[in-house]
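Quick notes on the structure that follows.
Small disclaimer: the values here were computed from a predicted structure and weren't measured.
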Amino acid sequence: WDLKPVGRQRLEGKDSDWEDNVLKELLIAGALLERSASVEERGQEERGILELAFPLLVGRQHPQGHPLYPLMGNYFSVQGGGGQFPKTVSGPTNRAVASLLRERAGLPEQAVEALLDRSVETAVQTLTKLQGCQLWNHAPELEEIELSKEQLAMVGKGSTGPPVSLEGVALTAAQRELCTKGFDERQLRMLKAQVHAKRADMHEIIDRAVALHIDRVGVNEEEEAHSLGGRRGS
């Protein structure tokens, strides 16, 4: 795990936390999933609908010299990524999301109040405990994929604090320094290959979402629902 995050404070689940954008996404998705699952309880003013979510889970990049380089690591082996999250509420982020969903999605006050009490740990587990795409879970031999011009521009980005060890392998000072410099080209090519290896799983989830949508809105809107699924490959 990171001894000290780069360019930000560690999220601690306190009122002194900064607003965290990733936590915002998790809280919004979790709340909309819950409201969409209870159609009979939805008010006429509610506007947000999210029927399925499929998080893409990826751990830390392995630096050069690590036996698993250039693969991305196991999300669940990283502290702060997969298990060891604050069991308390990160007030600034929760309040910002509650205000957004109250004003923009029309959530009733009861649902908003429940959101204000949601801990960081609960927000993460709500989205990851049922299903998710584990990018590191694939065949041992995976060929790297060439990057587009836009993707090449990402080399050197994605910088995070240096971990002490990855997958049980202690890192040298030089390897820890590499982790602060963002993805190198080989790591990005492998990340792209790992995403491509999971495309079938992603399409299955999209098909399931389309079928669920058709079941809920009725056959009269079936053509529209299929058009949503038809854009999945773009």
Side-chain angles (χ1 to χ4, degrees), residues 1-8 10-11 20-26 29 52-85 124 127-128 131-209 229-234:
W1 61 286
D2 301 349
L3 286 178
K4 183 178 180 181
V6 173
R8 60 179 173 84
R10 182 179 298 284
L11 196 64
D20 186 273
N21 288 335
V22 174
L23 180 57
K24 285 180 181 179
E25 293 177 355
L26 295 171
L52 283 173
F54 191 54
L56 301 182
L57 306 176
V58 58
R60 294 297 302 271
Q61 68 268 36
H62 296 102
Q64 291 186 44
H66 192 284
L68 294 178
Y69 173 82
L71 292 171
M72 296 295 107
N74 186 328
Y75 170 82
F76 294 101
S77 72
V78 182
Q79 179 171 341
Q84 301 180 41
F85 295 92
V124 175
L127 267 293
T128 60
Q131 63 183 7
C133 181
Q134 301 178 2
L135 290 187
W136 64 90
N137 185 14
H138 52 71
E141 299 299 328
L142 193 64
E143 293 186 8
E144 299 170 28
I145 297 179
E146 290 301 316
L147 302 172
S148 67
K149 181 179 179 181
E150 292 78 12
Q151 292 163 346
L152 281 170
M154 297 173 63
V155 172
K157 297 183 179 179
S159 176
T160 55
V164 177
S165 65
L166 286 173
E167 314 295 342
V169 178
L171 301 185
T172 65
Q175 289 173 329
R176 294 183 67 229
E177 177 65 20
L178 285 173
C179 289
T180 69
K181 299 183 183 299
F183 296 114
D184 64 29
E185 187 172 338
R186 285 200 64 197
Q187 289 168 333
L188 279 173
R189 290 203 303 261
M190 181 53 70
L191 177 57
K192 184 175 180 178
Q194 289 177 291
V195 172
H196 276 240
K198 292 295 183 178
R199 284 183 299 178
D201 294 340
M202 298 177 197
H203 286 179
E204 179 183 351
I205 294 299
I206 293 172
D207 289 341
R208 193 184 306 168
R231 292 196 292 268
R232 67 186 184 184
S234 59

Beyond-backbone contact of M72 with F183, side-chain heavy atoms, under 4.5 angstrom: yes
Euclidean distance, Q187 CD relative to H62 NE2, rounded to 0.5 Å: 9.5 Å
Full working for side chain to side chain contact (heavy atoms under 4.5 Å, CB included) between I206 and F54: CA-CA 9 Å; I206 293 172; F54 191 54; over 6 Å; no
Pairwise side-chain contact, L56 with M202, heavy-atom cut-off 4.5 Å (strictly under): yes
Exercise: identify the closest heavy-atom pair between A53 and L127: CB-CD1, 3.7 Å
From CZ (R189) to CG (L152), nearest 0.5 Å: 8.5 Å
Distance (rounded to the nearest 0.5 Å) between L26 CG and N21 CG: 11.0 Å
Atom pair CD1/NZ of I205 and K198 - distance to nearest 0.5 Å: 11.5 Å
H196 and K192, any side-chain heavy atoms less than 4.5 Å apart: yes
From Q175 atom CD to H66 atom NE2, the distance as rounded to the nearest 0.5 Å: 7.5 Å
Student check: side-chain heavy atoms of F85 and L11 closer than 4.5 Å: no
CG on L178 to CG on D184, rounded to 0.5 Å: 8.0 Å
L188 side chain reached by Q151 side chain, heavy atoms, under 4.5 Å: no
